Amino acid sequence: MQDTIFQQYIRAKSIFKGDRDILRPSYIPDILPHREAQINQMASILVSALEGQRPSNVLLFGKTGTGKTACTKYIGKEIERAVSNLNKVTFIYMNCEVVDTQYGVLQNIGNKFIENFDERIPFTGWSTERVYNILREKMDEEKRVIVIALDEVDKLVSKSGDDVLYHLCRINDDLKNAKVSVIGISNDLRFMEFLDPRVKSSLAEEKMVFPPYNADQLKDILEQRSKLAFDEGILENSVIPLCAALAAQEHGDARRALDLLRVAAEIADRNHVPVVTESDVIKAKNKIELDCVTEAIRTLPVQSKLVLMGVLLNDQRGDGKLTTGDLYETYKELCQCTSMAILTQRRITDLISELDMLGIIHARVKSFGRGGRTKEIEPSVPVEEARQILEEDEILSQLKNYKLRYQTTLM
DNA sequence: TGTCCACTGGAAGGGAGGGCTT
DNA sequence: AAGCCCTCCCTTCCAGTGGACA
């Protein structure tokens with residue numbers, strides 16, 4: 001390691017005691033503070049799995065960072081620890097934001113039961129029916145209880161409908177040896193409305209709501225983790241209360257609280273100072289917010305980037321809010337400039353809606369009476385910074401210092 | 001009160017790209 | 001190689017709509 005470029009970054013002592021993953025939301029500690037009630041309730045429902053019986057299906061509701069995922073994974077770990085030779089229990093956790101198609105979910109579950117790599121279900125190519133049949137067959141090879149936790153199940157339903165849930169809920173009718181129960185996790189209470197009544201009643205045999213943490217509870221969580229992550233005296237006294245207070249403002253999100261603390265510590269660490277201060281937390285807050293936006297913009301498909309560029313250029317010219325029609329004209333101009341294919345206006349309205357959902361622009365439907373009904377669009381990110389990020393793109397880099405020719409109608 | 005504008009947003013379907021089966 | 005199936009991105013078509021204006 002001598003004389004390498006890393007030399008200057010290697011110090012005798014880091015602020016972190018050891019593993020900094022302890023402060024990541026994905027880390028599951030041995031004790032989850034303020035979630036004892038929920039864990040006990042889940043345990044009382046799932047204990048029948050250990051007795052070889054099928055537990056009720058459960059639906060968990062609660063905003064982000066209220067401990068739904070952590071509790072579920074914790075319970076999963078405990079189940080695996082408690083399993084006896086007599087009754088076999090398989091616990092499967094899956095995030096439906098990552099795996100968001102009917103086929104994908106069945107394929108993923110199926111592959112958990114297939115050890116031989118050559119026999120694995122491919123990620124595309126088979127009919128869903130066939131995947132389902134293999135899955136059922138493999139599951140049924142042994143007498144066991146299978147608990148499937150589907151995180152962010154609302155994403156799955158909104159994207160691919162409730163067919164998979166329907167299949168999974170009634171799979172028990174087709175199984176002789178195995179028994180399946182489903183844990184659905186959602187941060188959207190309304191998603192139930194979109195379910196087929198049969199799926200709804202089957203999936204929600206038991207319902208649990210995870211309330212947001214308040215500032216005091218967040219403080220406890222942070223204190224527990226910081227004891228594992230740092231030595232005494234590393235954090236200024238006000239650091240944890242500040243992280244807790246900031247996260248409590250955002251609907252009691254423990255994930256956000258942990259991120260704040262971790263990033264604040266990383267900032268202090270990088271500055272080679274021995275103590276994490278309040279100002280590090282404020283810096284962390286700004287950094288997290290900016291990183292989110294930057295990452296969202298950078299990973300946009302190129303057509304969406306062009307649309308966003310249209311919004312930014314109009315804003316920089318001082319046109320204020322612009323309509324879908326105007327933005328489409330601007331977008332066409334930018335396409336010609338960059339030799340990109342021009343998509344239809346219908347498609348662009350979808351891209352506008354996506355950008356709106358990501359929080360990068362703000363678009364709301366407005367009627368101008370005889371002037372028609374359209375969307376009013378304005379950026380909701382810092383314009384200059386966003387433009388710089390867009391210009392990093394190979395194709396968009398041609399638009400450096402570009403001035404629009406098209407004149408909007410709305411002034 | 002009815003008209004009419006400039007869209008919105010749902011539905012259906014095409015086709016490219018991935019992969020399997022026969 | 002031909003015939004399937006699945007997902008993703010996109011187009012085409014079109015009924016529906018809020019509200020200013022005649």
Side-chain angles (χ1 to χ4, degrees), chain A residues 94-111 114 116-138 150 152 155-168 190-191 193-194 196 299-308 310-311 314 319-332 334-336 338-358 361-378 393 395 406-411:
Chain A
M94 194 181 306
N95 189 326
C96 299
E97 196 175 18
V98 186
V99 187
D100 61 357
T101 62
Q102 208 195 143
Y103 185 96
V105 170
L106 294 177
Q107 181 230 6
N108 256 278
I109 300 172
N111 280 341
I114 300 171
N116 191 340
F117 192 81
D118 296 333
E119 289 175 22
R120 300 198 119 205
I121 304 166
F123 73 90
T124 173
W126 287 10
S127 69
T128 309
E129 190 62 28
R130 182 171 168 201
V131 179
Y132 177 74
N133 287 336
I134 294 270
L135 163 76
R136 205 187 47 207
E137 231 171 71
K138 290 285 173 189
L150 298 174
E152 314 215 28
K155 300 266 162 55
L156 176 69
V157 173
S158 65
K159 204 164 166 255
S160 320
D162 56 5
D163 287 4
V164 208
L165 294 179
Y166 180 73
H167 270 119
L168 288 177
R190 290 166 306 161
F191 106 100
E193 292 166 21
F194 305 108
D196 180 302
T299 53
L300 244 29
V302 68
Q303 290 285 1
S304 298
K305 282 182 178 169
L306 284 168
V307 174
L308 176 59
V311 179
N314 274 297
D319 291 358
K321 291 167 186 163
L322 75 165
T323 64
T324 303
D326 284 333
L327 177 54
Y328 187 60
E329 292 305 317
T330 313
Y331 157 81
K332 283 199 289 192
L334 297 180
C335 281
Q336 277 158 1
T338 50
S339 318
M340 289 296 295
I342 298 172
L343 304 181
T344 56
Q345 185 159 340
R346 177 69 188 83
R347 181 64 188 140
I348 297 307
T349 59
D350 279 343
L351 297 185
I352 291 171
S353 300
E354 280 169 28
L355 289 172
D356 187 22
M357 282 208 304
L358 286 170
I361 62 172
H362 182 66
R364 69 193 174 96
V365 181
K366 195 178 172 191
S367 177
F368 294 89
R370 274 239 157 138
R373 194 167 161 263
T374 178
K375 269 181 174 160
E376 261 189 352
I377 302 154
E378 56 186 341
D393 186 286
I395 291 164
Y406 176 78
Q407 286 294 320
T408 52
T409 49
L410 193 92
M411 279 294 179

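No experiment lies behind these values; they were computed from the predicted model shown. The chains referred to below are lettered A, B, ... by the order of the sequence lines, with proteins before strands, and numbering in each begins at 1.
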From CG of A/L106 across to C1' of C/dT7 the rounded distance in Å is 14 Å
In terms of heavy-atom contacts, A/S304 and A/L351 come closest through OG-CD2, 3.6 Å
Here the distance between atom C1' of C/dT7 and atom CG of A/L156, to the nearest Å, is 14 Å
To the nearest angstrom, the OH-C1' distance between A/Y328 and B/dG9 comes to 16 Å
Partner of A/L355 under side chain to side chain contact (heavy atoms under 4.5 Å, CB included), picked from A/V311, A/I377, A/L300, is A/L300
A/R364 CZ to B/dC7 P, in whole Å, measures 16 Å
Angle separating the five-pair end axes of the helix from B/dT1-C/dA22 to B/dT22-C/dA1, nearest 10°, is 30°
Sequence neighbours excluded, the answer for salt bridge (charged side-chain N to carboxylate O under 4.0 Å, His left out) partners of A/E97 is A/K155
Residues passing the salt bridge (charged side-chain N to carboxylate O under 4.0 Å, His left out) test with A/R346, sequence neighbours excluded, are A/D350
So, with a heavy-atom separation below 4.0 Å from DNA chain C, the residues of residues 300-307 of chain A are none
Inset, instruction - Report yes if at least one side-chain N or O of A/T324 is closer than 4.0 Å to OP1 or OP2 of B/dT8; otherwise report no. - result: yes
note: A/Y331, atom OH; B/dC7, atom P; distance rounded to Å ~ 16 Å
Heavy-atom donor-acceptor pair, A/Q336 side chain to A/I342 backbone, under 3.5 Å = no
Between the CG atom in A/L165 and the CG atom in A/L156, the distance rounded to the nearest 0.5 Å is 5.5 Å
Got A/I134 and A/W126 here, is their nearest side-chain heavy-atom distance under 4.5 Å?
-> yes
CG (A/D326) and NZ (A/K321) are apart, to the nearest 0.5 Å, by 14.5 Å
Residue set satisfying salt bridge (charged side-chain N to carboxylate O under 4.0 Å, His left out) with A/R373, at least two apart, ordered chain then number -> none
Contact string for nucleotides 15-22 of chain C, one letter per nucleotide 5' to 3', B = base within protein heavy-atom range under 4.0 Å, S = sugar-phosphate only, - = neither, reads -BBBBBS-
Residues at least two apart in sequence or cross-chain that pass ring pair (Phe, Tyr, Trp, His ring centres under 6.0 Å) with A/Y132, listed by chain then number, are A/H167
Residue set satisfying ring pair (Phe, Tyr, Trp, His ring centres under 6.0 Å) with A/Y166, at least two apart, ordered chain then number -> none
In whole angstroms, the gap separating P of B/dG9 from CD of A/E354 amounts to 13 Å
Next item on the list: Return yes if a side-chain donor-acceptor contact under 3.5 Å exists between A/S353 and A/K375, otherwise no.
Entry: yes
The contact string for nucleotides 17-22 of chain B, one letter per nucleotide 5' to 3', using protein heavy atoms under 4.0 Å with B, S and - for base, sugar-phosphate only and none, comes out as -BBSS-
Taken in chain and number order and not counting sequence neighbours, the residues that satisfy salt bridge (charged side-chain N to carboxylate O under 4.0 Å, His left out) with A/D356 are none
In whole angstroms, the gap separating C1' of B/dT8 from CG of A/L327 amounts to 15 Å
For A/S367, the side-chain hydrogen bond (donor to acceptor under 3.5 Å, both in side chains) test, sequence neighbours excluded, returns none
Rounded to whole Å, the CG-C1' distance (A/L322 to B/dA6) equals 14 Å
Taken to the nearest 0.5 Å, the spacing of A/Y328 OH from A/I352 CD1 works out to 10.5 Å
Residues in residues 340-350 of chain A with a heavy atom under 4.0 Å of DNA chain B, by number, are A/Q345, A/R346, A/T349
- Give A/K375 one of three labels, base, sugar-phosphate or nothing, depending on what nucleic acid heavy atoms sit under 4.0 Å from its own. sugar-phosphate
Next item on the list: Indicate whether the side chain of A/N314 and that of A/Y406 have a donor and an acceptor atom separated by less than 3.5 Å.
Entry: no
